[in-house]
2 protein chains.
Amino acid sequence: MATARGRIDKRQAILDGAFTVFARQGYAQACVQEIANEAGVAKPTVYNHLTDKATLFRHAMQAAARSVLEQRLAALQPLTEPGPDLRAGLEEVGARLIRLHADDRSCALRRLLYAEITHFPDILGLVVESGPQRLSQALADRLARLTLAGRLNATDPDQAAEHFLALLIGPLETRSQMGTRQIGDAELDEIARAAVRTFLHAFGAEGVSGRHPAG
Amino acid sequence: MATARGRIDKRQAILDGAFTVFARQGYAQACVQEIANEAGVAKPTVYNHLTDKATLFRHAMQAAARSVLEQRLAALQPLTEPGPDLRAGLEEVGARLIRLHADDRSCALRRLLYAEITHFPDILGLVVESGPQRLSQALADRLARLTLAGRLNATDPDQAAEHFLALLIGPLETRSQMGTRQIGDAELDEIARAAVRTFLHAFGAEGVSGRHPAG
DNA sequence: ACTCTGTTGAACTCATGGGTTCAATTTAGC
DNA sequence: GCTAAATTGAACCCATGAGTTCAACAGAGT
């Protein structure tokens, strides 16, 4: 063994396994032995790569946060080259975001963050700032462009983005009982459609807003 | 001792102390001895009233949830007899709700719920169902009345309530970094005003909606 | 073949903390 | 004052789990 590649693979396996176990058990109840098992590795190997249980936790959270963020940014794609039907584009983005948010790893990340924010205040910096913050920022950029193009009426793009995300995530969170209950695709789409409807009433350009649409 | 009153007082002190310590340390890291100290009581007394650490946790959470719910329902008061200025009434309710949501105990309750939902799935029933659920329900009732009175246009009051709360809580949650950062009164009011603005665009009666208000 | 580095499993140390026991003490009600 | 129930503090038992040690082992480069 001992090749650089091998080491990196082990390290990655450890971080993945760690996140899996932390997600299942929480920080305190997760035991390092179980993490080692999950990663297919011996306990001392874990301590060889990550000094502490605490640093193990930090790195696992950071890695998970990074991968979640990537997916989310990618979900904004349809808004960079929006088609003729803006409503459809927004609903598409909403549907994607909501599915990512309801994903198991994503839920687990949020849960762990909430749970351990008291004991690891520094993790907030690593995760939130490269989480909702960046997503909201990127979304605001798109909304600003759409407003300049006269297809939207978001004078304050940051607030528009904030409200768009709130209208998506809030209802999802309450209906899924904080990620406990699984939600069917139909209901997810309905949540996204409803969010877009309210959003367009508030921020749609005159012609698009459609005070009394379909429903 | 042994008088009924005395027992109840001790029990209440224990539950309060338990919630305080759990909020500070999380379930796993909280030790019963510390809870006993916080409650000004000996350790065996704790076990005399509540059999387990687990049941102690459950009862503490339930008690906290109950008190939080009461406050929230009371905050809806201004909507039962709304004055002539509906926007002002909604902003008042929004400001109250947002302050309650940002309250320390409330944040701690949410954190603990998120944190231990995996180990105590039954707590969700005791808390959520008598938490956001009931609040959303009560709010929907008010919105329905306002719609019947022609002062609002909430065809689906449940969804309107859902979106109103989402517009309040979502931005609060992101800006307060999940309850970590303290937020000034001015910013809280601004969040509430913005939420009401978007809400009225979507659900305001024709005359009230005011597509381009003040800002 | 030799070596160096990383891995492994098992055993070990040690601190923490849940839960119990018990004798001494308090307190309420009579 | 007497009794019975509740409280108290201290000591105790025991399981769990973090982190370490170590001897044996595997593989890559020379």
Side-chain angles (χ1 to χ4, degrees), chain A residues 1-62 112 115-116 118-120 122-123, chain B residues 1-62 112 115-116 118-120 122-123:
Chain A
M1 202 74 64
T3 171
R5 187 72 243 154
R7 283 213 66 184
I8 290 178
D9 285 351
K10 285 256 153 93
R11 187 190 171 87
Q12 195 55 49
I14 291 173
L15 289 179
D16 286 352
F19 184 79
T20 303
V21 175
F22 282 136
R24 206 164 43 217
Q25 314 270 11
Y27 176 75
Q29 349 269 50
C31 80
V32 178
Q33 181 60 61
E34 191 178 348
I35 291 176
N37 294 345
E38 182 79 26
V41 143
K43 189 162 67 144
T45 304
V46 174
Y47 285 101
N48 185 22
H49 287 264
L50 291 310
T51 50
D52 252 349
K53 189 185 181 185
T55 58
L56 176 56
F57 184 64
R58 268 183 260 264
H59 284 83
M61 290 289 280
Q62 195 171 5
L112 284 171
E116 305 301 335
T118 313
H119 300 86
F120 299 88
D122 55 297
I123 287 188
Chain B
M1 199 75 61
T3 172
R5 188 72 243 156
R7 283 212 65 182
I8 289 179
D9 286 351
K10 285 256 151 94
R11 187 190 172 88
Q12 196 54 49
I14 291 173
L15 289 180
D16 287 352
F19 184 78
T20 302
V21 175
F22 282 135
R24 206 164 44 216
Q25 313 270 11
Y27 176 75
Q29 350 269 48
C31 79
V32 178
Q33 181 60 61
E34 191 177 347
I35 291 176
N37 295 343
E38 182 79 28
V41 142
K43 190 161 69 141
T45 304
V46 174
Y47 284 102
N48 184 23
H49 286 265
L50 291 311
T51 49
D52 251 349
K53 188 187 182 186
T55 58
L56 176 55
F57 184 64
R58 266 183 262 263
H59 283 83
M61 290 290 280
Q62 195 173 5
L112 283 171
E116 305 302 334
T118 314
H119 300 86
F120 299 89
D122 56 295
I123 287 188

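Each chain gets a letter, A, B and so on, in the order the sequences are listed, and its residues count up from 1.
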For the pair made of CD in A:Q25 and C1' in D:dT16, what is the distance, rounded to whole Å?
13 Å
Are OP1 or OP2 of D:dT7 and a side-chain N or O of B:H49 less than 4.0 angstrom apart?
yes
Take atom CD of B:Q33 and atom P of C:dT16, then tell me their distance rounded to the nearest Å.
14 Å
To the nearest Å, give me how far apart CD (B:E34) and C1' (D:dG9) are.
18 Å
Figure out the CG/C1' separation between B:D52 and C:dT20, and round it to whole Å.
13 Å
Would you call A:D52-A:R58 a salt bridge at under 4.0 Å N-O?
no
When the nearest nucleotide of DNA chain C is assigned to B:Y27 and to A:G40 on a heavy-atom basis, which residue is associated with the more 5' position?
A:G40
Which one, D:dT8, C:dG18, D:dA18, comes nearest to the side chain of B:K53?
C:dG18
Considering only C:dA10, D:dT7, C:dT7, which nucleotide approaches the side chain of B:T45 most closely?
D:dT7
Please tell me which of the listed nucleotides, C:dG17, D:dG19, D:dG9, lies nearest to the side chain of A:Y47?
D:dG19
Under 4.0 Å between any heavy atoms, over every strand shown, what does A:A30 touch: base, sugar-phosphate, or nothing? Just pick one.
sugar-phosphate
Less than 4.0 angstrom between a side-chain N/O of A:K10 and OP1 or OP2 of C:dT8, yes or no?
yes
With sugar-phosphate meaning primed atoms plus P, OP1 and OP2, does A:A28 contact a base, only sugar-phosphate, or nothing at under 4.0 Å between heavy atoms?
nothing
Which heavy atom of B:A18 sits nearest to which heavy atom of B:L56, and what is that distance?
CB-CD1, 3.8 Å
Evaluate the ring planes of B:F120 and B:F57, with Trp represented by its six-membered ring, and classify them as parallel (under 30°), tilted (30 to 60°) or perpendicular (over 60°).
tilted
Identify the residue among B:K43, B:Q25, B:Q29 that makes a side chain to side chain donor-acceptor pair (under 3.5 Å) with B:E34.
B:Q25
Atom pair distance, as rounded to whole Å: CZ in A:F22 and C1' in D:dG17
13 Å
Smallest separation among heavy atoms of A:R24 and B:T118, with atom names
O-CG2, 3.4 Å
Whole-Å distance between D:dG17 C1' and A:L56 CG?
14 Å
Roughly how many Å is it from CG in A:D9 to P in D:dA28, rounded to a whole number?
13 Å
Can you tell me whether the side chain of A:K43 and the base of D:dG19 have a donor-acceptor pair closer than 3.5 Å?
yes
Between C:dA15 (C1') and B:Q29 (CD): distance, integer Å
15 Å
